[in-house]
Amino acid sequence: MADDDIDQGISLADAAEEVERLTIRINEARDAYYERDTTIISDAEYDELMHRLEAIERAYPQLQSQDSPTLTVGGRGETTLFAPVEHAERMLSLDNVFSADELAEWANRAQAAAGRAVHWLCELKIDGLAVNLRYEHGRLVSAATRGDGRVGEDVTENIRHIQSIPTRLAGSGHPPLVEVRGEVFFPVAAFDELNAKQAAAGEREFANPRNAASGSLRQKAEGKNAAQLELMRDRLGRLRMLVHGIGAWANPPVQAQSEIYELLSGWGLPTSSHARVLDSVAGVQEFVAYHGEHRHAVEHEIDGIVVKIDELALHDELGATSRAPRWAIAYKYPPEQVNTKLLDIVVSVGRTGRATPFAVMEPVRVAGSVVRQATLHNQDVVKAKGVLIGDTVVLRKAGDVIPEVLGPVVELRDGTERPFVMPQECPECGTTLRPMKAGDIDLRCPNARSCPAQVRGRVEHIGSRGALDIEALGEVSAAALTHPAVPAEPPLSTEAGLFELTVAELFPIEVVVRDVETGLPRLDDDGTPAYRAPFRRLRRRSGRDADPAFDPDSPEFRGDERHVPSKAAYELVANLEAAKTKPLWRILVALNIRHVGPVAARALADHFGSLEAIRAATDAELAEVEGVGPTIAESLREWFAIEWHLEIVERWAASGVQFATPGHPGPGAAAAAGGVLAGITVVATGSLEGYSREGAQEAIIAAGGKAASSVSKQTDFVAAGPGAGSKLAKAEALGIRVIDAAQFARLVTEGPAALDA
DNA sequence: CACCCTCGAGTTCA
DNA sequence: CTCGAGGGTG
């Protein structure tokens with residue numbers, strides 16, 4: 001990859017500079033329009049500036065200031081100016097903190113300034129659009145966006161379509177003038193539906209609910225046909241609003257902010273049900289942590305928590321700076337969706353030969369960890385997402401774990417981006433890629449026997465937990481054995497020789513050291529790539545690292561030192577030796593037969609007792625095994641028909657690998673029925689005290705039960721420990737009995753009846 | 001023909 | 001751990 005590939009797009013520093021330029025220019029145009037009733041630039045020009053600013057801020061949210069012009073008009077598409085409305089009282093913004101510590105600091109400072117104990121009103125910070133409602137004698141007379149805080153834009157007509165906002169306040173005793181401040185938002189649940197409609201109508205989809213809210217509120221009826229008007233009303237009807245403050249009412253008959261909410265609620269205005277008054281800073285931090293964990297449990301998007309001092313008397317005492325009150329703060333959660341640069345799209349080949357394109361991105365922190373790669377699945381997905389190499393892309397973590405590229409920020413393209421072209425050849429061995437079956441989207445490398453990526457993948461799979469569970473054979477060793485830097489001829493060209501490995505063969509292996517972060521070879525001081533020999537170590541006769549086991553009479557040393565095989569080398573050979581007699585099903589999984597994973601392998605091994613019996617079985621005999629049908633039968637038959645697969649079996653057998661279960665009565669033997677869990681399906685999730693992940697499964701099977709991997713209606717028990725996630729949630733949703741580790745221990749030893757005893 | 005389930009892949013973390 | 005794909009079963 002050439003350097004200029006990386007230099008595309010816009011750097012953070014350039015972006016910051018441009019944001020400043022754009023902001024000045026837009027504010028000049030606004031001042032002219034709002035204050036002097038003149039225009040200094042055309043609507044089109046204005047729109048262009050706004051779009052550009054929006055685009056940059058979306059890519060670099062940290063550059064968006066509280067009084068950015070986009071916070072008043074955040075949407076896109078319809079950025080032409082709305083009529084100006086002056087707020088009766090200035091709408092301030094809030095200062096931000098970004099960590100629990102900063103929040104505590106602010107609270108302690110505020111409390112010290114107040115000189116007495118205070119109550120904290122905590123509420124969810126809705127990621128929407130700030131709007132000011134002006135009520136005169138209980139009647140809604142205008143609604144305006146925040147604007148620059150002093151003057152906003154008139155959106156009264158559109159606001160009237162939002163059902164939850166009353167045009168006349170309930171109750172009596174309304175002041176001659178009061179401003180009600182709140183947040184207009186698009187409910188998350190309705191958002192996907194909206195985007196589907198947008199797509200169907202040929203309109204652009206919205207990047208997030210907040211843009212949808214802003215875009216919806218800023219639509220204009222003029223020039224729309226009946227269908228478009230319908231769509232516009234539909235969108236406005238889905239908007240919701242929650243209010244959280246008042247303005248321009250000199251002496252409200254209350255002492256606390258929380259009482260204001262009660263008052264507003266009594267008038268028929270929608271207030272949030274999530275606000276809480278707390279009396280300690282620790283409680284505030286707990287509130288912040290709780291909602292950080294349950295961000296998606298609310299109907300709207302949350303970008304943080306707002307903490308206000310509840311006592312109104314203190315609001316007056318503490319006052320405000322020119323932009324923000326001193327009695328409130330916004331805590332911002334780390335973003336779950338960020339933007340970063342798509343540096344390249346690279347294709348990797350897995351153990352099955354499937355060629356998978358993945359995104360290589362500028363490292364970026366999202367939802368608590370640094371991400372630099374994300375899968376793009378296949379060429380169709382790349383096309384569907386519409387990303388180009390060099391694009392700024394939106395990245396999130398699906399289920400808070402798996403990084404996912406959502407799509408490009410089209411506005412930030414500068415013309416140097418280029419489309420991804422799926423390579424015709426395997427990136428590792430050069431063989432022409434092709435679909436395995438007609439109509440398959442996935443391309444595969446057909447060179448299964450000697451494609452380095454596939455051999456490496458298969459060797460790694462053999463060592464994995466679901467197969468032979470060889471501790472010393474992981475990703476790194478698999479790579480070292482199949483293509484080391486030294487020697488030129490790797491110890492393994494296929495997995496056939498795996499069990500013939502000796503310490504002497506491992507000894508000379510050297511691998512290139514790669515940087516954990518970049519994946520590029522690390523260079524020594526002299527500029528040559530650094531090498532590491534994982535299977536040997538230095539033994540010294542004397543000095544600081546003197547080796548007490550050193551035998552000075554050994555003929556192998558040169559001078560003061562010599563190399564000896566490392567512990568890892570002996571361990572790997574010993575692990576392999578031990579693996580030869582592992583249960584037949586593990587050996588079956590290690591053979592890398594398509595569709596034969598741990599579950600199918602267990603069933604086959606139990607039924608047939610030996611690889612030879614499986615091989616000799618007809619399709620009909622295979623299909624007798626539960627969980628085995630025509631596809632697995634065919635897959636087995638195809639596997640045994642390939643010459644080099646048989647060579648694997650022969651050489652492994654010659655090395656002592658056990659392809660039969662000792663004492664097995666032979667094919668068709670009835671599965672050993674019985675056990676306390678016969679006919680019972682159990683799912684284990686989270687960490688169960690006293691059991692490893694594997695151990696829990698073994699315990700279920702040993703008791704004659706079925707250890708399923710996912711929860712369904714067929715599941716009888718879900719054993720859940722700390723850290724249980726979606727499976728526990730699903731069990732609760734389906735009303736399946738959930739048990740803890742202690743109950744699980746009783747279940748697998750005494751059976752289900754013991755639980756109720 | 002619905003479900004329900006397993007497989008396989010990718011990813012990050014401790 | 002999660003997702004999509006596709007197999008197996010009732």
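Numbers restart at 1 for each chain; the letters A, B, ... are given by sequence-line order, proteins then strands.
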Note: Pro408(A) and Lys385(A) closest approach over all heavy atoms is CD-O, 3.2 Å
Could you pull out all donor-acceptor pairs under 3.5 Å where a side-chain atom in residues 585-593 of chain A meets a protein atom, sequence neighbours excluded?
residue   : atom : partner   : partner atom : Å
Arg586(A) : NH1  : Arg465(A) : O            : 3.0
Arg586(A) : NH1  : Ala467(A) : O            : 2.5
Arg586(A) : NH2  : Glu694(A) : OE1          : 3.4
Asn592(A) : OD1  : Arg351(A) : NH1          : 2.6
Asn592(A) : ND2  : Ala590(A) : O            : 3.3

When rounded to whole Å, the CG to P distance for the pair Asn378(A) and dG6(C) reads 11 Å
Glu404(A) atom CD is separated from dT11(B) atom P, nearest whole Å, by 12 Å
In whole angstroms, the gap separating C1' of dA14(B) from CZ of Arg465(A) amounts to 12 Å
Original post:
Do Arg449(A) and Thr494(A) pass the side chain to side chain donor-acceptor pair (under 3.5 Å) test, and can you show the C-alpha distance, the side-chain angles, and the key distance before you say yes or no?
Top reply: CA-CA 7 Å; Arg449(A) 177 174 187 178; Thr494(A) 79; 5.4 Å; no
| said: Can you tell me if Glu698(A) has over 12 outside heavy atoms packed within less than 6.0 Å of its CD? | reply: yes
Smallest heavy-atom separation, Pro534(A) atom then Ser566(A) atom, equals O-OG, 3.1 Å
Sub-3.5 Å pairs of nitrogen or oxygen atoms, protein against nucleotides 8-10 of chain B:
residue : atom : partner   : partner atom : Å
dG8(B)  : OP1  : His595(A) : N            : 2.6
dA9(B)  : OP1  : Thr352(A) : OG1          : 2.2
dA9(B)  : OP2  : Arg351(A) : NE           : 3.2
dG10(B) : OP1  : Thr356(A) : OG1          : 3.0

Whole-Å distance, Asn592(A) CG to dC7(B) P, equals 13 Å
Any Lys/Arg nitrogen of Glu638(A) or Arg594(A) sitting under 4.0 Å from an Asp/Glu carboxylate oxygen of the other? no
Of the candidates dG8(C), dC7(B), dT12(B), the side chain of Ile632(A) sits closest to dG8(C)
Rounded to whole Å, CD of Gln373(A) lies from C1' of dC13(B) at a distance of 16 Å
